[in-house]
Amino acid sequence: MTNNSFSVLMSVYKNDNPVHFRIAVESVTINQTLPPNEVVIVVDGPVPDELTSTIKTLENEIPYIKVHWLSHNGGLGNALRIGVEIASNEIIVRMDSDDVSTPDRFEKQIRYMTEHPECDVLGGQITEFVDDETNIVGKRLVPCSHKEIFMWLKGRCPFNHVSVTMLRSRVLEIGNYMDWHFNEDYYLWIRMAEAGFKFANLPDTLVNVRVGKDMYARRGGWKYFKSEKGLQDYMLRKSMISVPRYLYNVAGRFAIQVAMPNNVRGFVFQKLFRKK
């Protein structure tokens, strides 16, 4: 039997749905073929009474849940940074507050990490659904080998964040999660790549991700563009990408995230960046 000494890291905040949150937590605990021995839940600021009640009930029902309550909302990057610091185990698994992990997700990932000790970050594929878990509207495929992931990183985020398993010591070594609007995870992977850490993705679908009907359309605007451009600026300064690649990346992001109307952007995301 694979060792279950690993921590699941989740963050929850005021806008999260209590029912969806319970489903997400159960998918990484009682519904796993290999459950963890610790689930760290960081409550990012005050939350409504119903959500508070759900969190406390789950804490009582599942003895290995560890809840950390923050007095104010500091954003996802800050919550995950604190969660990494709190986690007791070297292997940390990420999970979002309204998605659904496949029942054998941890069994697959922990086995891989055990058999490949050189791997510092391991992700996988995700499906995306609207309303009902069976209503799959897309699939985000990411490359599997370290070489492919490193090349992909120069243009796009090479991991599905919600699917990731990572080594706590490595994350702490390069400064942990840092605040970077919309892109805390991409910024983390860039810094880990810069440090020479090793990546992999499983070809398996590990998480079914809950999305809104307008999710693709909302991935735009000046704030989103500036965040992504900032990451391109960083990679250029660090000589991770060339000037031509930088210009190509920034121009493409401007066209999609700023110049395109929301409905067109949604169509482009579904057709170019997702598989049916």
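Note that the structure is a prediction, hence the values are computed from the model and not measured.
- Looking only at distances, a side-chain donor or acceptor of Asn201 sits under 3.5 Å from a matching main-chain atom of Pro143.
- Residues Tyr177 and Tyr187 place their aromatic rings such that the two centres sit no closer than 6.0 Å.
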List the steps, then state whether side-chain hydrogen bond (donor to acceptor under 3.5 Å, both in side chains) holds for Glu50 with Ser53.
CA-CA 5 Å; Glu50 186 179 359; Ser53 177; over 6 Å; no
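- Val19 and Val100 fall within the same hydrophobic cluster, where Ile, Leu, Val, Met, Phe, Trp and Tyr residues are linked whenever their side-chain heavy atoms come under 4.5 Å apart, directly or through other members.
- The shortest side-chain heavy-atom distance between Lys154 and Arg245 falls under the 4.5 Å cut-off.
- Between Gly74 and Asp44, the shortest heavy-atom contact is N-OD1, 2.8 Å.
- For Glu128 and Arg140, the salt-bridge test fails: no basic side-chain N is under 4.0 Å from an acidic carboxylate O.
- Note on Asp204 versus Lys108: salt bridge recorded, some NZ/NE/NH1/NH2 to OD/OE distance being below 4.0 Å.
- Aromatic ring centres of His161 and Phe182: separated by at least 6.0 Å.
- When hydrophobic clusters are built by joining Ile, Leu, Val, Met, Phe, Trp and Tyr residues whose side-chain heavy atoms come closer than 4.5 Å, directly or via intermediates, Val93 is grouped together with Ile62.
- A ring-centre distance under 6.0 Å is found for Phe159 and Phe199.
- With respect to Asp233 and Arg237, no salt bridge is recorded, no charged nitrogen being found less than 4.0 Å from a carboxylate O.
- Taking CG of Asn4 as the reference point, atom CD of Glu107 lies at 12.0 Å (rounded to 0.5 Å).
- Salt-bridge annotation for Glu194 and Lys238: present, with a side-chain N of the basic residue lying under 4.0 Å from a carboxylate O of the acidic one.
- Annotation for Glu61 and Pro63: closest pair O-CD, 3.6 Å, computed over non-hydrogen atoms.
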Can Met95 and Leu9 be said to form a side-chain contact (heavy atoms from CB on, under 4.5 Å), step by step?
CA-CA 6 Å; Met95 180 61 182; Leu9 173 57; over 6 Å; no
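- With respect to the salt-bridge test (charged N to carboxylate O, under 4.0 angstrom), the residues Arg168 and Glu173 do not qualify.
- Between Ile91 and Met113 there is a side-chain heavy-atom pair separated by less than 4.5 Å.
- For the atom pair CD1 (Ile82) and CG (Asn176), the distance works out to 9.5 Å, reported to the nearest 0.5 Å.
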Worked verdict on Asn208 versus Glu133 for side-chain hydrogen bond (donor to acceptor under 3.5 Å, both in side chains):
CA-CA 7 Å; Asn208 199 11; Glu133 291 174 41; 4.8 Å; no
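- Hydrophobic clustering, with ILVMFWY side chains joined whenever heavy atoms are under 4.5 angstrom apart, groups Leu51 together with Val67.
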Any chance you could lay out the side-chain hydrogen bond (donor to acceptor under 3.5 Å, both in side chains) test for Asp104 and Thr33, step after step, and finish with the verdict?
CA-CA 5 Å; Asp104 60 352; Thr33 57; over 6 Å; no
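- Remark: the Asn89 side chain and the Ser5 side chain contain no N/O donor-acceptor pair separated by less than 3.5 Å.
- Residues Val121 and Thr165 form no side-chain contact, since every pair of their non-hydrogen atoms from C-beta on lies 4.5 Å or further apart.
- Under the 4.5 Å side-chain heavy-atom criterion for ILVMFWY residues, a single connected hydrophobic cluster contains both Met192 and Leu236.
- Between Phe6 and Phe106, the gap from one ring centroid to the other is short of 6.0 Å.
- Enclosure of atom NZ in Lys66 by more than 12 non-hydrogen atoms of other residues, nucleotides or ligands within 6.0 angstrom is indicated.
- Asp120 and Arg170 are joined by a salt bridge, as a carboxylate oxygen and a charged side-chain nitrogen come within less than 4.0 angstrom of each other.
- Distance check, rounded to the nearest 0.5 Å: CG of Leu231 to CD1 of Ile190 gives 4.5 Å.
- The minimum heavy-atom distance between Leu122 and Gln109, with the atom names listed, is O-NE2, 3.2 Å.
- At least one side-chain heavy atom of Leu153 sits less than 4.5 Å from a side-chain heavy atom of Tyr186.
- Side chain of Asp98 to main chain of Ala24: no donor-acceptor pair is present (N/O by atom type, distance under 3.5 Å, no hydrogens or angles).
- The cluster map of Ile, Leu, Val, Met, Phe, Trp and Tyr, joined by side-chain heavy atoms under 4.5 Å apart, puts Val209 and Val130 in the same cluster.
- Across all non-hydrogen atoms, the minimal contact from Leu76 to Ser11 is CD1-CB, 3.9 Å.
- Residues Ser163 and Gln125 fail the side-chain proximity criterion, which asks for heavy atoms closer than 4.5 Å.
- Residues that satisfy the ring-ring contact (aromatic ring centres under 6.0 Å, His included) test with Phe197, not counting sequence neighbours, are absent from this structure.
- The distance from the OG atom of Ser242 to the CG atom of Leu247 is 8.5 Å, given to the nearest 0.5 Å.
- Of all heavy-atom pairs spanning Trp152 and Pro158, the tightest one is CD1-CA, 3.4 Å.
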Start with the C-alpha distance between Glu228 and Arg253, add both sets of side-chain angles, then the distance that settles salt bridge (charged side-chain N to carboxylate O under 4.0 Å, His left out), and finish with yes or no.
CA-CA 8 Å; Glu228 294 245 338; Arg253 281 164 168 77; 2.5 Å; yes
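- Using a 4.5 Å heavy-atom cutoff, the side chains of Glu184 and Asp179 are in contact.
- Atoms CH2 and SG, from Trp189 and Cys157 in turn, are 7.5 Å apart once rounded to the nearest 0.5 Å.
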